[in-house]
Amino acid sequence: RPVLELVDCGKSYGNVHALRGVNLSVRQGEVTCVLGDNGAGKSTLIKIVAGLHEHSEGTMRVNGEERSFGSPRAAQALGIATVYQDLALAPLMAVWRNFFLGNEVRRGPFLDIDEMKRVAGEELTKMGIIIPDLDRPVGSLSGGQRQCIAIARAIYFGAKVVILDEPTAALGVKQSGVVLKYIVKARDAGLGVIFITHNPHHAYLVGNHFVILKLGRVVLDAHRDELDLDR
Ligand code: ADP
Ligand code: ADP
């Protein structure tokens, strides 16, 4: 069953219909690729699923139950996390501190600094991200590693679905490869991924499910086996 569903969702800004009649199902263990030209509604879709904007029409469901995504915190509490291109990592801060950044409340009084370092190292290693020195500022790592850390952090803090906003757009071939490999790994461990991209080749490499938006409408929604991509 889909973990996240949009049923007939729409979003208007004044009289601009940024999204109309959008139906979308996201399952755990799958990468749902969302493609579309500028102005197609990709950012708007991210914003309503991330709890930044209220949708104007339709219903959103999490695990089959109708839910309101009033704020980014509310979306996060439902297990929906967003990794933006700027990553929300603090470049001058150590890797281990970044791992907990934005989740201080959940860190709570339970972990002291040494424990935080240990947990950050263990979790990253478990997820296949090897950072030899966790005291390094995150800004000194490669763009691909930073993207992976941001995704790993979202998973550690309970995300069942992660929305990736053009995660490879600013990266070269090698760093894109690092991120795409990590997406596959997280997917195979059961994460649901919404992969927003302009790059059809990257979608082809990791996608199980493909959605194309055009002028706010879904013009294609197909699973991989329906598309004959692996012939
Ligand atoms: P994409 O991310 O695919 O480029 P957007 O979701 O940013 O698409 O935009 C979809 C449409 O909605 C565009 O016509 C855009 O100009 C319009 N739009 C987006 N945000 C706003 C806003 N805050 N106010 C008015 N129009 C908006
Ligand atoms: P993003 O892709 O992150 O939304 P943009 O540069 O496309 O960034 O847009 C910056 C902001 O302006 C966003 O909040 C977007 O929703 C808003 N916006 C986009 N198009 C329009 C528009 N036609 N009118 C008003 N606001 C818009």
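All heavy atoms count here, side chains included; hydrogens, waters and symmetry mates do not. As the structure lists them, so they are numbered: ligands from 1, and atoms in each ligand from 1.
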Option nearest atom 8 (O) of ligand 1 (shortest heavy-atom distance, choices G41, G14, S12): G41

Under 4.0 Å between a Lys/Arg side-chain N and an Asp/Glu carboxylate O for K117 and D135? yes

V95 vs L124 side-chain heavy atoms within contact, under 4.5 Å: yes

Should you measure from each heavy atom of N38, which atoms of ligand 1 turn up under 4.0 Å away? 4 (O)

List every atom of ligand 1 that sits less than 4.0 Å from any heavy atom of A40, numbering the atoms from 1 in the order shown and giving each element. 1 (P), 3 (O), 8 (O)

For the 3.5 Å polar cut-off, considering only N or O atoms, please tell me whether V16 and ligand 1 meet it. no

Using a 3.5 Å cut-off on N or O atoms only, is A18 in polar contact with ligand 1? no

Counting neighbours of CD1 on I113 that are heavy atoms of other residues, nucleotides or ligands and sit closer than 6.0 Å, is the number greater than 12? no

A quick test of your reading: do over 12 heavy atoms of other residues, nucleotides or ligands sit less than 6.0 Å from CG of N63? yes

Gap separating the CG atom of L141 from the CG atom of N98, nearest 0.5 angstrom: 9.0 Å

Does some non-hydrogen atom of G39 fall short of 4.0 Å from ligand 1? yes

Indicate, as side chain, backbone, both or neither, the part of D37 found under 4.0 angstrom from ligand 1 when only non-hydrogen atoms are considered. backbone

Please answer: with hydrophobic residues joined when any side-chain heavy atoms are less than 4.5 Å apart, are L134 and I149 in the same cluster? yes

